[in-house]
Amino acid sequence: MNLFAEIRGLVLDTLTAMTAEGALPAGLDFAAVAVEPPRDAAHGDMATNAAMVLAKPAGMQPRAIAEALAARLVADPRIMLAEPAGPGFLNLRLAPVVWQGLVAQAITAGAGFGRSTLGQGQKINVEFVSANPTGPMHVGHVRGAVFGDALARLLDFSGHAVTREYYINDGGAQVDVLARSAFERYREANGLSPEIREGLYPGDYLIPVGEALKAKYGTSLLDKPESDWLVDVRLFATEAMMAMIREDLALLDVHMDVYSSEKALYGTGKIEAALAELDRQGLIYKGVLEPPKGKTLEDWEPREQLLFRSTAHGDDVDRPVQKSDGSWTYFAPDIAYHFDKVQRGFDALIDILGADHGGYVKRMKAAVAALSGGRVPLDIKLIQLVRLFKNGEPFKMSKRAGTFVTLRDVVEQAGADVTRFVMLTRKNDAALDFDFAKVLEQSKDNPVFYVQYAHARICSVLRRARDAGIAVDDATLLNADLTRLDHKAELDLAKKIAEWPRLVEIAARGHEPHRVAFYLYELASDLHGHWNRGNDDTSLRFVQEGDVAATQAKIALARATAVVISAGLGILGVKPLDEMR
RNA sequence: GGCCCCGUAGCUCAAUUGGAUAGAGCACUCGCCUUCUAAGCGAGUGGCUGCAGGUUCGAGUCCUGCCGGGGUCACCA
């Protein structure tokens with residue numbers, strides 16, 4: 001239940017009534033009327049812009065509308081005060097009983113508090129990671145994996161039917177390289193010295209693949225030409241890599257619903273079908289592209305290629321779908337793949353790509369726009385890179401894989417929860433510094449710890465109350481006399497909790513999970529602040545000696561805070577802690 | 001050169017999708033532990049939101065043009 005939406009409903013009803021009474025001209029559009037928390041708490045609990053938005057179309061002074069609206073709103077028991085302010089805002093102050101009731105709502109809803117029906121069950125596909133199956137996940141994949149998974153959780157929480165999907169890039173030349181690299185390890189397993197030539201993958205992670213190949217094929221492949229073993233070894237090695245990738249992702253608690261293979265699109269007619277659909281729309285033609293301006297390519301030569309008229313849907317130039325040797329470009333099967341997603345009935349698609357793929361965005365959007373008849377929106381989130389540090393020094397590590405920091409390295413150093421949280425404390429399109437020393441620091445400088453500590457403190461209070469023989473189970477708390485929560489500091493904390501359902505919707509609408517992390521930090525800050533107020537004013541402590549009723553009311557507030565922290569961390573994929581140890 | 005992203009306090013970043021006097025943390029200054037966890041809290045200092053125009057009741061946010069940083073640019077995925 002979004003309290004802001006509820007009050008907006010009240011405002012709209014009131015405006016409608018005013019129209020009926022002739023206090024407002026008929027036919028006004030209320031769509032732009034908003035009810036929001038004001039930036040400055042001194043302005044009240046909520047503010048509506050109704051008077052400003054309606055002044056011009058109504059041909060009235062904002063002030064006059066605001067005053068008329070205010071006079072009617074205060075008749076509602078939820079509205080304690082309504083006063084026009086500034087250029088025409090109407091500031092609202094809500095009755096304490098609203099906030100007290102909200103505490104009960106949060107406890108009742110528990111982990112589901114803030115769940116929204118915003119998505120209306122809309123089917124939405126989140127494609128992320130989609131790394132080449134040629135080795136373990138490395139640090140560059142971590143942020144995209146965490147972001148995609150958190151976004152999926154956020155969309156699920158806000159009422160969407162989410163599918164997490166991984167597109168296996170197993171159709172290109174790099175999986176042939178993988179096969180040859182694995183074959184050398186297979187020779188090595190048979191006692192021969194491997195020839196890891198330039199361009200092959202040198203990583204140790206292929207040694208067990210070579211041994212597995214030996215277990216399966218013995219020595220039978222050793223003397224055969226590549227053409228005899230390439231297909232089998234490639235399949236074997238690719239599957240081994242995918243198994244490893246799944247394990248890596250599981251370390252971060254990331255689990256895909258669907259794995260789609262690029263290679264599987266070849267030979268099925270799906271690529272041809274997708275291009276035929278584009279062709280039917282007159283978007284496929286043979287042509288020669290202009291050389292890129294301002295950049296000299298020595299080996300440039302005019303080439304006639306099969307092109308997709310992506311410029312018809314907002315791209316800057318048309319894009320080749322076929323190489324000069326007649327084989328498909330990477331783009332062609334990806335078009336087919338997105339066509340497949342459209343045909344599977346998704347209402348919206350999201351792709352999460354590295355920022356270095358920014359040049360790919362327009363053409364993919366163009367393809368989806370054409371193939372779905374403009375019905376299915378595609379949002380592409382570009383993930384900026386992560387710079388690793390340790391105590392402020394650039395961090396390089398190369399144990400297992402030889403040349404790069406792996407996902408496993410990061411998780412083993414920092415832990416999954418810390419890694420996930422930190423990766424989500426920045427907008428996706430801003431670069432992020434990840435310092436192994438700082439993220440493990442146990443101080444308020446570290447947002448992960450800070451939020452966890454707030455949750456642990458609340459659990460500590462609950463334990464203390466139980467030790468004192470006070471019942472604090474949810475059912476009891478719901479029956480507590482919440483009107484005892486009458487102090488401004490307590491109501492302020494309840495107000496922060498009230499923002500949660502609204503924040504979920506804003507974050508979900510914008511595909512911006514980082515907002516959850518920032519909100520949790522603010523909520524934790526409010527909790528810590530309130531906690532310390534108990535130092536000076538013992539009447540604000542959660543546990544009140546000799547007053548069970550007051551204790552239960554105050555602990556209900558603490559419990560509601562914990563519920564929100566827990567729900568928020570759930571979206572980030574981080575486990576709340578009951579104690580800090 | 002084209003396109004995309006970024007530019008906000010000394011530093012790292014937010015800013016409720018166009019709202020009121022632009023907010024946090026760090027750093028700096030000053031306070032708070034016989035106390036439900038001081039692993040914390042409070043107060044203060046700090047801004048021409050890169051620059052210049054435009055749109056409107058109102059712009060960090062939208063539009064145009066510059067400046068600076070990053071990414072990317074036909075037969076790589």
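A note on names: the letters A, B, ... follow the listed sequences, proteins ahead of strands, and every chain is numbered from 1.
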**OP:** Give a yes/no on whether any side-chain N or O of A/Lys323 is located under 4.0 angstrom from OP1 or OP2 of B/A77.
**Re:** yes
Short N/O separations, protein against nucleotides 40-46 of chain B, under 3.5 angstrom:
unit_1, atom_1, unit_2, atom_2, d
B/G40, OP1, A/Lys444, N, 2.0
B/G40, O2', A/Arg457, NH1, 3.2
B/G40, O2', A/Asn532, OD1, 3.2
B/G40, N2, A/Asn532, ND2, 2.8
B/G40, N3, A/Asn532, ND2, 3.3
B/C41, OP1, A/Tyr450, OH, 2.3
B/C41, O4', A/Asn532, ND2, 3.3

**OP:** Can you see which heavy atom on A/Met423 is nearest to which on A/Val146, and at what distance?
**Re:** CB-CG1, 4.0 Å
Subject >> Nearest-angstrom distance from the residue atom CG of A/Leu289 to C1' of B/C75 >> reply: 11 Å
Original post:
Atom CG of A/Asp536 to atom C1' of B/U35: distance rounded to whole Å?
Top reply: 10 Å
Original post:
Rounded to whole angstrom units, what separation is found between the NZ atom of A/Lys362 and the C1' atom of B/C5?
Top reply: 12 Å
Subject >> Heavy-atom donor-acceptor pair, A/Gln452 side chain to A/Leu577 backbone, under 3.5 Å >> reply: yes
Subject >> Integer-rounded Å distance: B/A77 P and A/Leu265 CG >> reply: 15 Å
**OP:** Check the distance between B/C36's C1' and A/Asp578's CG and give it to me in whole angstrom.
**Re:** 16 Å
Original post:
Using the glycosidic torsion, which applies to B/C33: syn (within 90° of 0) or anti (everything else)?
Top reply: syn
**OP:** May I ask you to say what A/Gln544 touches in the nucleic acid, namely base, sugar-phosphate or nothing, with a heavy-atom cut-off under 4.0 Å?
**Re:** nothing
Original post:
Does B/U17 fall in syn (glycosidic angle within 90° of 0) or anti?
Top reply: syn
**OP:** May I have the distance from A/Ile380 (atom CD1) to B/U72 (atom P), rounded to whole angstrom?
**Re:** 17 Å
**OP:** Check whether any side-chain N or O of A/Ser327 sits under 3.5 Å from a backbone N or O of A/Lys323 as a donor-acceptor pair, and report yes or no.
**Re:** no
Original post:
For the residue pair A/His530 and A/Phe542, is the inter-centroid distance of their aromatic rings smaller than 6.0 Å?
Top reply: yes
Subject >> Nearest to side-chain heavy atoms of A/Arg303, which nucleotide of B/U56, B/U35, B/A74 >> reply: B/A74
Original post:
Can we call the ring centroids of A/Tyr450 and A/Tyr521 under 6.0 Å apart?
Top reply: yes
**OP:** For B/U55 versus B/G31, give the span between their C1' atoms, rounded off to a whole number of Å.
**Re:** 49 Å
Subject >> Rounded distance in Å between the C1' positions of B/A9 and B/G46 >> reply: 6 Å
Subject >> Per A/Asn132 side chain, nearest of listed nucleotides B/A77, B/C36, B/G71 >> reply: B/A77
**OP:** For A/Arg464, answer base if it contacts any base atom (sugar-phosphate contacts may also be present), sugar-phosphate if it contacts only those atoms, and nothing otherwise; contact means non-hydrogen atoms under 4.0 Å.
**Re:** sugar-phosphate
Original post:
Under the criterion side chain to side chain contact (heavy atoms under 4.5 Å, CB included), which of A/Asp417, A/Val439, A/Asp435 is the partner of A/Val422?
Top reply: A/Val439
Original post:
When you compare B/A14 with B/G7, how far apart are their C1' atoms, in angstrom units rounded to a whole number?
Top reply: 15 Å
**OP:** Flag this pair as yes if the NZ/CZ of A/Arg387 is under 6.0 angstrom from the six-membered ring centre of A/Phe434 and inside a 45 degree cone about the axis; otherwise no.
**Re:** no
Subject >> Gap in Å between the two C1' atoms, one belonging to B/U61 and one to B/G54, rounded >> reply: 15 Å
Subject >> Side chain A/Arg8, main chain A/Val33, donor-acceptor under 3.5 Å >> reply: yes
Subject >> Plane angle bin for A/Phe449 and A/Tyr453 - parallel if under 30°, tilted between 30 and 60°, otherwise perpendicular >> reply: parallel
Original post:
On RNA chain B, nearest-nucleotide positions of A/Gln174 versus A/Val543: which is more 5'?
Top reply: A/Val543
**OP:** Could you encode protein contacts along nucleotides 8-22 of chain B as a string, one character per nucleotide from 5' to 3', using B for base contact, S for sugar-phosphate-only contact and - for no contact, with a heavy-atom cut-off of under 4.0 Å?
**Re:** ----SSSSBB-BB--
Original post:
Regarding A/Asp537 and A/Ser539, is there a side-chain donor-to-acceptor distance under 3.5 Å anywhere?
Top reply: yes
Original post:
Heavy atoms under 4.0 Å, any strand shown: does A/Phe4 hit a base, just sugar-phosphate, or nothing?
Top reply: nothing
**OP:** Take the protein atom NZ of A/Lys286 and the nucleotide atom C1' of B/A74, then report the distance between them rounded to whole Å.
**Re:** 15 Å
**OP:** Give a yes or no answer on whether the side chain of A/Thr561 reaches the backbone of A/Leu557 with a donor-acceptor pair at less than 3.5 Å.
**Re:** yes
Subject >> Between B/C3 and B/A22 - P atom distance, rounded Å >> reply: 35 Å
Subject >> Nearest atoms (heavy-atom pairs only) where A/Arg426 meets A/Ala431 >> reply: CD-O, 3.6 Å
**OP:** Examine distances only and state if a side-chain atom of A/Tyr330 and a backbone atom of A/Asn169 form a donor-acceptor pair shorter than 3.5 Å.
**Re:** no
Original post:
Taking atom P of B/C5 as reference, at what distance in whole Å does atom CG of A/Leu353 sit?
Top reply: 14 Å
Original post:
Taking the same atom, C1', in B/U8 and in B/A15, what whole-Å distance lies between them?
Top reply: 10 Å
Original post:
Should stems be defined as at least three consecutive Watson-Crick or G-U pairs with both distances under 3.5 angstrom, which of them involve RNA chain B?
Top reply: B:1-7 with B:67-73, B:10-13 with B:23-26, B:28-32 with B:40-44, B:50-54 with B:62-66
Original post:
How about A/Tyr259 and A/Tyr167: are their ring centres within less than 6.0 Å of each other?
Top reply: no
Original post:
How far, in whole Å, is B/A43 from B/C26 if one measures between their P atoms?
Top reply: 13 Å
Original post:
Using the P atom in both, what is the distance from B/A24 to B/C66, to the nearest Å?
Top reply: 37 Å
